[in-house]
Amino acid sequence: MDVLGYLKSRQNELERINHPFSGRSPAFRYLYAYGVGVLALGSMKAMTELTDRFDYFLECISLPNEQKEQIVDDLNNHFEYRLTESVRILKTKEVQYCFFADLWKLCNLAVWSLEYCEKVIENYIQVFHMSETEIAFLRSFNDAAVKRDVSAARQCYHDFREAGFDIPYRIMQYFMPEFYDEESYGEIVVKAGKTLRIDKPARVSGDIVVERGGSLIFDGADLTMQGGILIDGGRIQFLDSKVFVSECSHKYFLDIRDAAVVRIENTAVDCNMQCGFLTQNKGRLLIEEAELLRSQGARMIAFSGRYIRIRRSSFVQGGAGFLALSGFCQTILEKCDFIQAEADYGGAFFSDSIDNTVIRECSFRFCNAKYLGGAIYFKYQKLGQVVRDCVYGNCEPAESAVFNVYQDDFELKIR
């Protein structure tokens, strides 16, 4: 095995900037890359100058390099057909703005083929019917990116938004990795029919209230919060975000009432020993690939809704335990880590729910109970409470790391 070669490839992978659409379907990524390839490979001069940069782009968007040959073949033999398909999938403003960022990243490197590249960009501008404001923004931001002028880039971004347009923050950072902009908020009330989306660094000094019919979405946010969030019949979602609770006078950072579905995916939340993380009284709670840290004063999560599913997530340092479930709550916990928790009963997990629970392939370490159930405590022993393939390390009391589990064969059916 070529160890040095492998390590070099891993280094290149880590240094590579992931494309915002690298997780899209293979068909989407190919047609997107084909559209960019019209500029990079559409003339001999461009191909001579831009091949290396285009290869790097293919790596960023996670398209196999061998498909570059297919792009060249389609450019030569099926140009109009493939271009029509490419334009069709570039239908949202978010995708179009990112597409132009990729075009300009290539155009900025052109010397011999500069005239050709600029004509390609002009033609795409006409195809997508870009407004004068959008064109001016993209050109000005590209100039700032070339000069690495963060102040000018930030001013372009603010002017663009004040003109009534929006562009995702992650696209801005892909266009210009040095770009940084932080939003500041005071008290926030999200009214019915309104949506507040935070997709960038932000500081909130005060509480956020989401009324029935309103929506609060964190998508790529880096949030520092001095206060709590109350969802009163509204909607909340966390995607690819980081949250730090600098100060909170509430028992729980998130108080969710009468919500239908709450999703938390690929998100890290640090409660900073200020409060519990979440309480929810109805609906469903779906958590995946999350990291929940340092709760105090209440369980990390108190749930009495209809269904909770947590997968591939970690819970660390729960001063009053991690999970407390009650009511008619169906539960699935899969491949989760629970580290360092303390409570009277069930250091990591406490349930007096009368519905079914399956806990499988989870790890419990340094989870302690004052009385029973160092890791897991069921108030009632009954059919439907199953713990499978879990491991326990340094959980006290050791003789009752799991209390009242029912170890018969059982398969949970989701209703």
Side-chain angles (χ1 to χ4, degrees), residues 18 23 170 197-202 204 208 210 215-225 228-229 231 235-246 248 252-256 259-280 283-296 298-325 329-341 347-351 357-367 375-376 390:
N18 284 333
R170 62 177 181 154
R197 178 185 293 271
I198 299 178
D199 67 348
K200 58 190 290 190
V204 180
I208 300 177
V210 182
S215 296
L216 177 61
I217 300 174
F218 298 98
D219 186 358
D222 188 349
L223 177 70
T224 299
M225 186 86 185
I229 300 175
I231 309 299
R235 174 181 174 227
I236 187 168
Q237 189 172 27
F238 291 84
L239 301 171
D240 305 317
S241 295
K242 293 189 294 184
V243 179
F244 178 76
V245 183
S246 63
C248 184
Y252 291 94
F253 170 66
L254 272 175
D255 187 347
I256 302 172
V261 180
V262 176
R263 293 183 181 274
I264 301 172
E265 298 177 6
N266 193 28
T267 291
V269 180
D270 185 351
C271 293
N272 191 32
M273 309 306 288
Q274 296 289 312
C275 53
F277 169 53
L278 178 153
T279 179
Q280 181 176 342
R284 296 185 171 211
L285 175 60
L286 308 175
I287 301 177
E288 194 155 346
E289 303 283 358
E291 185 179 13
L292 306 178
L293 310 170
R294 301 198 299 161
S295 61
Q296 185 64 275
R299 291 269 178 172
M300 185 82 79
I301 293 175
F303 185 80
S304 56
R306 191 68 192 90
Y307 172 64
I308 180 172
R309 186 187 70 208
I310 305 177
R311 290 176 174 166
R312 296 185 296 277
S313 297
S314 60
F315 295 72
V316 181
Q317 200 171 346
F322 290 131
L323 292 167
L325 310 180
C329 169
Q330 281 191 315
T331 305
I332 293 180
L333 302 182
E334 292 182 318
K335 299 181 180 179
C336 295
D337 292 321
F338 299 89
I339 304 168
Q340 192 178 342
F349 178 90
F350 175 95
S351 175
T357 299
V358 170
I359 303 173
R360 60 166 72 98
E361 297 181 65
C362 293
S363 170
F364 299 85
R365 288 173 284 166
F366 300 99
C367 296
I376 298 170
C390 294

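Since the structure is predicted, the reported quantities are computational estimates derived from the model, not experimental observations.
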Step by step, would you call Phe238 with Leu223 a side chain to side chain contact (heavy atoms under 4.5 Å, CB included)? CA-CA 11 Å; Phe238 291 84; Leu223 177 70; 5.5 Å; no
If only atom types and distance count, is the side chain of Asp270 paired as donor or acceptor with the main-chain N or O of Phe244 below 3.5 Å? no
Do you know the tightest heavy-atom contact between Cys336 and Arg312? SG-N, 3.9 Å
Close side-chain approach of Val210 to Ile236, heavy-atom, < 4.5 Å: no
Rounded distance [0.5 Å steps], CZ in Arg284 versus CZ in Arg309: 8.5 Å
Closest non-hydrogen atom pair, Ile231 against Arg235: CG2-N, 4.0 Å
Show your working on side chain to side chain contact (heavy atoms under 4.5 Å, CB included) between Gln330 and Arg306 and close with a plain yes or no. CA-CA 6 Å; Gln330 281 191 315; Arg306 191 68 192 90; 4.3 Å; yes
Decide yes or no for Phe349 and Ile359: does some side-chain heavy atom of the first lie under 4.5 Å from some side-chain heavy atom of the second? yes
Given Leu325, Leu323, Ile310, the one that forms side-chain contact (heavy atoms from CB on, under 4.5 Å) with Phe303: Leu325
From Leu254 atom CG to Thr279 atom OG1, the distance as rounded to the nearest 0.5 Å: 10.0 Å
Closest contact, heavy atoms only, Cys271 versus Ser295: CB-CA, 4.0 Å
Value for CD (Glu361) from SG (Cys390), rounded to nearest 0.5 Å, stands at 8.0 Å
Any donor-acceptor pair under 3.5 Å from Thr331 side chain to Thr357 backbone: no
Considering non-hydrogen atoms only, spot the tightest contact between Met300 and Leu292 and give its length. CE-O, 3.4 Å
With rounding to the nearest 0.5 angstrom, report the CZ to CG distance, Phe322 to Asp337. 10.0 Å
Between Cys329 and Ile308, does the side chain to side chain contact (heavy atoms under 4.5 Å, CB included) criterion hold? Intermediate values first, please. CA-CA 7 Å; Cys329 169; Ile308 180 172; 3.6 Å; yes
With a 6.0 Å cut-off (strictly less than), is the heavy-atom count around CZ of Arg263, excluding the residue itself, greater than 12? no
So CD1 of Ile229 and CZ of Phe253: to nearest 0.5 Å the spacing works out to 3.5 Å
I want to check something: taking the side chain as every heavy atom from C-beta on, are Ile208 and Met225 in contact at a cut-off of under 4.5 Å? yes
Run through Phe338, Phe364, Phe277 and flag the one making a ring pair (Phe, Tyr, Trp, His ring centres under 6.0 Å) with Phe315. Phe338
Is there a side-chain contact between Leu278 and Tyr252 (heavy atoms, below 4.5 Å)? no
Which heavy-atom pair separates Arg299 from Phe350 by the least distance, and what is that distance? NH2-CB, 3.5 Å
Quick one: do Ile301 and Leu285 satisfy side chain to side chain contact (heavy atoms under 4.5 Å, CB included)? Show the steps, please. CA-CA 10 Å; Ile301 293 175; Leu285 175 60; 4.1 Å; yes
Should Glu289 and Glu265 count as side-chain neighbours, where that means a heavy-atom distance under 4.5 Å? no
Side chain Ser241, main chain Gly220, donor-acceptor under 3.5 Å: yes
Once you round to the nearest 0.5 Å, how far does CG of Asp222 lie from CD1 of Ile198? 11.0 Å
For Asn272 against Arg294, the heavy-atom pair lying closest together: OD1-NH2, 3.1 Å
